[in-house]
Amino acid sequence: MLEFDDIQYILLTRAPAITGRYEFLSFRNAAGGRAWLAAVLETVHSVEQARASVQKDNRWVSVAFTWNGLRALGMDEASLATFPEEFKQGMVARAEMLGDTGANHPQNWVGGLAGPELHALVILFARDTQERQRCEAEHKRLVARCAGVEVLSSLDLEATPPFEYAHDHFGYRDRLSQPVIEGAGEEPTPGSGGPLKPGEFILGYPDEEGVIANSPQPEILARNGSYMAYRCLQEHVGAFRDFLREHGKTPEEQELMAAKLMGRWRSGAPLVLTPDKDDPALGADPQRNNDFNYKQMDPHGYAVPLGSHIRRMNPRDTAANMKRRRMIRRGGTYGPPLPEEAPEDGIERGIAAFIICASLIRQFEFAQNVWVNDRNFHELGNERDPVCGNQDGTLEYKIPKRPIRKKITGLPAFTSVRGGAYFFLPGLKALRYLASLGDTR
């Protein structure tokens, strides 16, 4: 039985927000850090609280820590040693394996995210901009009261219009394929696979192999928490549109090229089900827009190219051990939308997301190393994910077609990594424990 009163809401619930803010913090003083946490704790929703009050709430808050941040709060070395090695090392140390090289190297990241001073993250989602600004001012006053606590950087999120459904700056419908957790109270949509064991995402519960994985100690840290990989991806919208125009003479050909890169039309309609023309009604229908496979319906990639984004990030029935690879994604877009006919304006915009899983190495790092950046994924030879892979101008993208496939050489980078980090997302009881570390009572 999942303990909804102890799990931070972000793990199992999505807030009805159109804006938000991430603040990245550093603790120069352990007591000040704990005082900050004790105060912020009053605003952190559990799953139970969020579900009960979602209609009247205007803000939703989550808190997470880096390994260095747990040390900065005063956690002892014995407890720190019980965390997984990849979390202890942090994302920067694992950059090469993750494909964060060249333009994506951590030396090019912004906001202090590549340094050891990054200790904590507070995630705010708000119903409107006025509430976000009110919360920002409230948090600024709190930080000023806590000795040695400082905000390294922040990032404001804004949903991109039109607001009827979530989508990125490229125009692709988002939030289409999320795993469902057994006992969480949701039913999977057709084609999404059955509910997965809680231990795939939440510490302290059995996973798909019936095992409760080794978790951090003391025991209060070992239940109802999770790990998050933060990724801030700048989206080069002007370059993306230029590419579509280069490879499509008409608007229809350009839309098809956009669909071939993703594996879905920008409406969300999957190419497997509608390979020749868009079907927005299908894209908007959760009972139909995931109801497909690859092995029987598109084994050679004539509809969805073998190297397309959705085929890499969720190979479905063409990969082994899929139940151990799924991840929960949360986040949103940042920066203003680029008007449709406008040239690139130099203003940064993109998507800032959290990938939530019980094992960073088995889930997130595997996906980055094998699915996103392995050039020979599906024996493709010289490709990476066309949307979020590390593109250096030397790679290809192949679109199967009869009688002759289309091969694009020198694929440009449509995204750049602007920041990232590994965080521990504790349960509510664990947050209270961390806030009390210095107590001598």
Side-chain angles (χ1 to χ4, degrees), residues 1-15 33-54 56-57 59-67 69-70 73-75 79-80 82-84 87 120-125 178-186 195-208 210-230 326-330 354-360 363 422-439:
M1 194 70 144
L2 293 174
E3 296 168 1
F4 294 134
D5 62 337
D6 192 39
I7 300 169
Q8 288 200 53
Y9 90 92
I10 197 170
L11 243 170
L12 298 178
T13 307
R14 196 182 287 280
R34 294 192 296 267
W36 170 84
L37 175 55
V40 167
L41 248 171
E42 301 302 314
T43 67
V44 175
H45 281 68
S46 68
V47 174
E48 183 177 76
Q49 291 168 325
R51 289 179 173 176
S53 59
V54 67
K56 64 182 179 66
D57 286 339
R59 70 169 180 190
W60 298 266
V61 176
S62 302
V63 179
F65 302 91
T66 64
W67 188 72
L70 296 172
L73 284 176
M75 182 178 286
S79 289
L80 288 166
T82 63
F83 283 87
F87 175 66
L121 161 72
V122 58
I123 305 168
L124 166 74
F125 286 109
Q178 293 274 9
V180 168
I181 299 173
E182 191 176 282
E186 294 181 279
L196 299 174
K197 298 295 184 184
E200 294 298 315
F201 308 98
I202 311 172
L203 302 183
Y205 297 87
D207 60 25
E208 283 292 325
V211 174
I212 298 177
N214 291 333
S215 296
Q217 296 299 312
E219 192 64 30
I220 198 166
L221 300 176
R223 192 166 180 84
N224 296 321
S226 191
Y227 295 100
M228 299 195 308
Y230 172 63
R326 301 300 302 277
M327 295 163 279
I328 296 167
R329 191 164 65 85
R330 300 283 188 259
F354 300 97
I355 295 87
I356 304 174
C357 51
S359 170
L360 290 166
Q363 291 159 284
Y422 287 156
F423 291 97
F424 175 54
L425 183 78
L428 275 293
K429 292 174 185 174
L431 286 175
R432 286 190 282 272
Y433 164 78
L434 292 171
S436 70
L437 280 173
D439 289 358

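Sequential numbering from 1 along the given sequence is applied to the chain's residues.
With Leu428 as reference, Leu41 is the one residue of Leu41, Val63, Asn224, Val47 to meet the side chain to side chain contact (heavy atoms under 4.5 Å, CB included) rule.
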*Derivation of the side-chain contact (heavy atoms from CB on, under 4.5 Å) call for Tyr422 and Trp67*: CA-CA 8 Å; Tyr422 287 156; Trp67 188 72; over 6 Å; no
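In this structure, the side chains of Val44 and Tyr9 stay at 4.5 Å or more apart for every pair of heavy atoms.
When all heavy atoms of Leu11 and Arg330 are compared, the pair lying nearest together is O-NH2, 3.5 Å. Shown here for Arg223 and Gly204, the closest heavy-atom pair between the two residues is NH1-O, 2.6 Å. In plain terms, the two heavy atoms of Ile212 and Pro206 that are nearest each other are CG1-N, 3.7 Å.
Other residues, nucleotides and ligands place more than 12 heavy atoms under 6.0 Å from the CG atom of Asp5.
Under a 3.5 Å cut-off, the side chain of Gln363 and the backbone N or O of Arg326 do form a donor-acceptor pair. In this structure, the side chain of Ser62 does not engage the main chain of Trp60 through any donor-acceptor pair within 3.5 Å. When atom types are taken as modelled, the side chain of Thr66 and the backbone of Gly69 share a donor-acceptor pair closer than 3.5 angstrom. The backbone N or O of Tyr433 sits less than 3.5 Å from a side-chain atom of Ser436, completing a donor-acceptor pair. Looking only at distances, no side-chain donor or acceptor of Ser46 sits under 3.5 Å from a matching main-chain atom of Gln8. No side-chain donor-acceptor contact under 3.5 Å links Asp6 to the backbone of Gly427. In terms of modelled atom types and a separation under 3.5 Å, the side chain of Arg34 and the main chain of Leu434 share no donor-acceptor contact. Without hydrogens or angle criteria, Glu208 side chain to Leu196 main chain gives no donor-acceptor distance under 3.5 Å.
Within the structure, the side chain to side chain donor-acceptor pair (under 3.5 Å) test picks out the following pairs touching residues 35-44 (sequence neighbours left out): Trp36-His139.
For Tyr227, the ring pair (Phe, Tyr, Trp, His ring centres under 6.0 Å) partners two or more places apart in sequence, or in a different chain, are Phe87, Phe424.
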